[in-house]
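The structure appears below as structure tokens.
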Amino acid sequence: MHRMILNERPGLFRVLCLLALFEVACLLETGMLFPRESSSREVKELNGLWNFRADKSPDRNQGFDRAWYKSRLVETGPVIDMPVPASYNDITQDPTLKDFIGWVWYEREVVVPARWITDEGTRVVIRVGSAHYYSIVWVNGVKVTEHNGGHLPFEAEIGTLIRKDPTQPCRITIAVNNTLTLETLPPGSIQHMDDSTQYPKGFFVQNTYFDFFNYAGIHRAVLLYTTPAAYVDDITVVTDFLDNTGLVNYKVSVQGATTATLKVTLMDKNGQCVASSTGPFGVLKVVDVNLWWPYLMHESPGYLYSMEVHLMAANERSTYEDVYTLAVGIRTVNVTSTQFLINKKPFYFHGVNKHEDSDIRGKGFDWSLIVKDFNLLKWMGANSFRTSHYPYAEEILQMCDRHGIVVIDECPGVGIKDIRSFRNVSLNHHLVVMDELVRRDKNHASVVMWSVANEPASEMPPAEYYFKTLIQHTKALDPTRAVTYVSNSHYARDKGAPYVDVICVNSYFSWYHDPGHLEVIPLQLNTQFENWYGKYQKPIIQSEYGADAVPGLHSDPPMMFTEEYQKVVLQSCHDVFDQKRKQYLIGELIWNFADFMTAQGITRVVGNKKGVFTRQRQPKVAAFILKERYWRLANETGRLPPWTKYPCSL
Ligand code: BDP
């Protein structure tokens with residue numbers, strides 16, 4: 001039985017229906033295309049050193065009381081150098097900055113190319129890839145935008161503002177606050193300790209309900225980019241295929257024009273035009289299509305066409321030309337009661353959970369780290385990962401598109417444990433975050449499933465309405481992908497499971513339960529799978545499993561925290577996975593790809609050590625176990641590229 005409907009209808013009709021649905025549900029008014037250079041668009045990255053000042057006043061409000069955004073930051077008090085992008089927490093030796101809670105201020109002066117200012121037909125946009133958690137942006141002392149939430153981009157048009165006084169340098173001030181509340185995603189709370197016999201005056205802590213360090217600051221690129229005054233604001237593509245013909249259904253939205261003509265051209269890898277169309281929506285038919293396939297499932301995975309959208313437009317003032325190019329992978333996703341299908345073929349997720357996390361940078365974007373991680377993923381034969389527990393940088397998804405790494409795209413709904421976080425104000429924010437996530441990532445071929453949350457208290461009574469609403473909203477936003485959330489609740493009391501397409505379960509047998517008893521794993525894991533499948537008859541992904549291993553710690557017989565123990569946990573789970581993947585298990589994702597930083601606590605020795613790689617990306621014994629297994633699975637289930645040999649060393 002196919003759960004995701006419309007699968008049996010003829011392709012063209014199907015994609016038209018799906019695209020129509022996409023449009024109805026989203027509440028956001030504008031698009032959020034990745035800023036790309038083209039013959040009509042320029043991009044100026046503002047990465048590098050910014051001035052920085054943490055507001056350490058008791059109420060953290062001095063910056064607003066004294067309007068730090070109105071003058072140069074250095075005139076308000078002492079500033080330090082701060083790299084962007086990076087978390088600020090691990091950059092200095094100052095312990096109060098590492099664990100700082102409240103507003104920090106970034107500032108930088110930018111030289112704007114004169115032509116951007118003189119040419120009134122140019123839009124100048126400031127875009128922040130992500131800043132954690134709440135941000136306010138000023139340009140020359142004037143507020144231009146604010147954004148609620150880390151992990152997702154936001155932008156504002158500033159051309160009009162900087163044209164007011166072209167002699168002034170363009171001074172950008174960004175204030176960022178990492179305070180989490182019961183209504184933020186992820187949620188958190190501030191606790192003040194008022195007992196003066198135990199705590200110094202004004203002492204407070206931030207409680208979080210998730211297991212990673214709440215790194216903060218400007219985590220992704222800040223940039224200025226231009227478009228013409230009439231421009232391509234958004235593009236949505238939905239793909240399908242019938243026999244050998246690929247179908248790319250597109251919709252383009254245009255802003256700033258009273259009249260517009262569009263030409264859409266699809267090019268193959270060699271730059272040859274394979275289809276074209278005119279108008280704001282339509283279907284491109286690709287004869288002898290090269291489908292987008294996952295890594296290790298096909299000899300040339302990650303095939304991408306390039307879709308050039310060419311706009312000629314006019315408004316009262318002038319005529320404009322805009323060009324935007326989008327990478328398009330043609331593929332389908334379907335879910336049955338026992339299988340996950342990509343291009344109508346069963347796909348088995350053998351992959352990892354990751355974090356955006358590394359030494360010094362924290363959650364700051366870093367190309368060297370990203371390329372290294374992709375090399376490690378491919379080395380170990382991983383074909384997929386989940387963006388635990390928040391949306392990753394767009395550049396990472398672009399790499400996934402190109403390399404054929406399949407993605408479960410998770411929103412920052414992690415740690416929804418307090419019953420007060422199920423109220424409408426939280427739900428409404430969660431819906432907006434899903435809108436922002438789908439708007440940003442809807443055109444990535446690598447993204448096959450949305451995850452709306454990780455390990456919420458999904459057995460609590462309000463969870464039923466909350467997750468039903470959230471999942472249905474996400475399905476309406478995007479009917480072309482699967483929707484899930486990741487559960488660790490009791491199978492029979494899980495309120496959201498009836499609404500998901502795929503059951504994702506996390507479990508840590510012989511670790512958090514029956515610690516040290518490796519012998520319980522086969523029985524308990526088997527019972528887990530039978531229970532969930534028996535009740536819901538949906539395919540299952542083991543979305544987390546694993547054990548901490550301090551690198552270099554050994555013992556035989558295996559003891560907890562040694563590399564041997566981690567290895568045996570994995571192997572014992574794999575035996576059960578091998579039985580269940582013949583039935584309804586459609587994937588296994590190790591927790592975690594690499595060790596990562598957490599808040600300090602008695603169960604964490606300088607962070608979570610469940611990585612199969614260290615935080616510095618060196619393999620533990622477990623990495624070799626997974627490498628053996630994943631290449632074996634690829635040999636069994638996929639088609640290895642001719643240039644690889646098992647066990648390959650890429
Ligand atoms: C799971 C969480 C994950 C944790 C992991 C662990 O989803 O964020 O890091 O447990 O405890 O429950 O290692």
Side-chain angles (χ1 to χ4, degrees), residues 150-151 180 185-188 207-215 349 351-358 362-363 385-392 408-418 421 451-459 463 484-491 494 496 500 503-516 521 524-525 528 532 540-551 560-563 565-566 569-570 573 587-615 620 622 626:
H151 320 107
L180 301 176
L185 276 189
N207 297 316
T208 56
Y209 317 108
F210 51 82
D211 183 36
F212 53 91
F213 192 80
N214 189 36
Y215 278 113
F349 296 78
V352 306
N353 292 276
K354 289 185 96 267
H355 263 299
E356 288 184 319
D357 176 270
S358 71
K363 292 199 178 303
F385 65 78
R386 170 168 69 121
T387 70
S388 44
H389 292 308
Y390 37 79
Y392 294 176
I408 301 173
D409 201 352
E410 187 157 283
C411 90
V414 54
I416 307 176
K417 305 280 190 199
D418 189 304
S421 292
S451 163
V452 301
N454 178 68
E455 296 187 356
S458 49
E459 68 291 344
T484 191
Y485 72 87
V486 172
S487 179
N488 70 341
S489 291
H490 185 276
Y491 77 98
D494 193 286
V500 299
I503 302 275
C504 286
V505 193
N506 296 347
S507 48
Y508 290 90
F509 304 120
S510 88
W511 193 262
Y512 292 121
H513 318 276
D514 307 299
I521 294 178
Q524 294 190 359
L525 194 53
Q528 164 198 286
W532 280 93
I540 303 177
I541 295 178
Q542 181 74 41
S543 40
E544 286 182 27
Y545 70 106
D548 286 77
V550 177
M560 291 177 78
F561 293 100
T562 65
E563 295 200 32
Y565 195 90
Q566 185 185 36
V569 167
L570 267 51
C573 290
E588 53 189 84
L589 304 175
I590 187 76
W591 190 263
N592 189 284
F593 172 73
D595 292 347
F596 58 91
M597 194 46 68
T598 63
Q600 298 187 62
I602 51 169
T603 59
R604 297 287 176 255
V605 187
V606 193
N608 187 310
K609 297 278 188 276
K610 294 196 185 67
V612 297
F613 295 98
T614 64
R615 201 182 192 207
K620 302 181 193 173
L626 279 187

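Both ligands and their constituent atoms are indexed starting at 1 by order of listing. Keep in mind that the numbers below use all heavy atoms, side chains included, and drop hydrogens, waters and symmetry copies.
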Query - Under-4.0 Å salt bridge between Lys620 and Glu563 - result: no
Query raised in the report: To the nearest 0.5 Å, how far apart are CG in Asp357 and CG in Asp595?
Result: 9.0 Å
Query raised in the report: Got a donor-acceptor contact below 3.5 angstrom from the Tyr390 side chain to the Val414 backbone?
Result: no
Query - Part of Phe212 within contact of ligand 1 (heavy atoms, under 4.0 Å) - result: neither
Requested in this report: Between Lys610, Glu544, Lys609, Arg604, flag the one that comes closest to atom 7 (O) of ligand 1 by a heavy atom.
Outcome: Glu544
Query raised in the report: Measuring from the heavy atoms of Phe210, does anything fall under 4.0 Å of ligand 1?
Result: no
Requested in this report: Under 4.0 Å, heavy atoms only, figure out whether ligand 1 is touched by the backbone of Asn454, its side chain, both or neither.
Outcome: side chain
Query raised in the report: Taking atom types as modelled and ignoring hydrogens, do the side chains of Asp494 and Ser487 form a donor-acceptor contact shorter than 3.5 angstrom?
Result: yes
Requested in this report: Taking the six-membered ring for Trp and the single ring otherwise, decide whether the centroids of Phe593 and His355 are under 6.0 Å apart.
Outcome: no
**Report entry** Heavy-atom closest contact (Ser388 atom, Tyr392 atom, distance)
**Finding:** O-OH, 2.6 Å
Query raised in the report: What atoms of ligand 1 come within less than 4.0 Å of a heavy atom belonging to Asn506?
Result: 7 (O)
Query - Backbone or side-chain N or O of Asn488 under 3.5 Å from ligand 1 N or O - result: no
Query raised in the report: Are any of the heavy atoms in Phe596 under 4.0 Å away from ligand 1?
Result: yes
Requested in this report: Compute the minimum heavy-atom distance from Asn608 to ligand 1 and say whether it is under 4.0 Å.
Outcome: yes
Report task. For atom 4 (C) of ligand 1, find the nearest protein heavy atom and state the residue, atom name and distance (0.1 Å precision). Result -> Asp211 OD2, 3.3 Å
Query raised in the report: What atoms in ligand 1 come closer than 4.0 Å to a heavy atom of Glu455?
Result: 1 (C), 2 (C), 7 (O), 12 (O)
Query raised in the report: What is the closest protein heavy atom to atom 11 (O) of ligand 1, and at what distance does it sit?
Result: Tyr512 OH, 2.3 Å
Report summary line: side chain to side chain contact (heavy atoms under 4.5 Å, CB included) with His389: of Asn454, Asp211, Leu185, only one passes, and it is Asn454
Query raised in the report: Is it the case that Gln524 and Asp514 place a side-chain donor and acceptor less than 3.5 Å from each other?
Result: yes
Query raised in the report: So which heavy atom in the protein is nearest atom 8 (O) of ligand 1, and how far is it from that ligand atom?
Result: His389 NE2, 2.7 Å
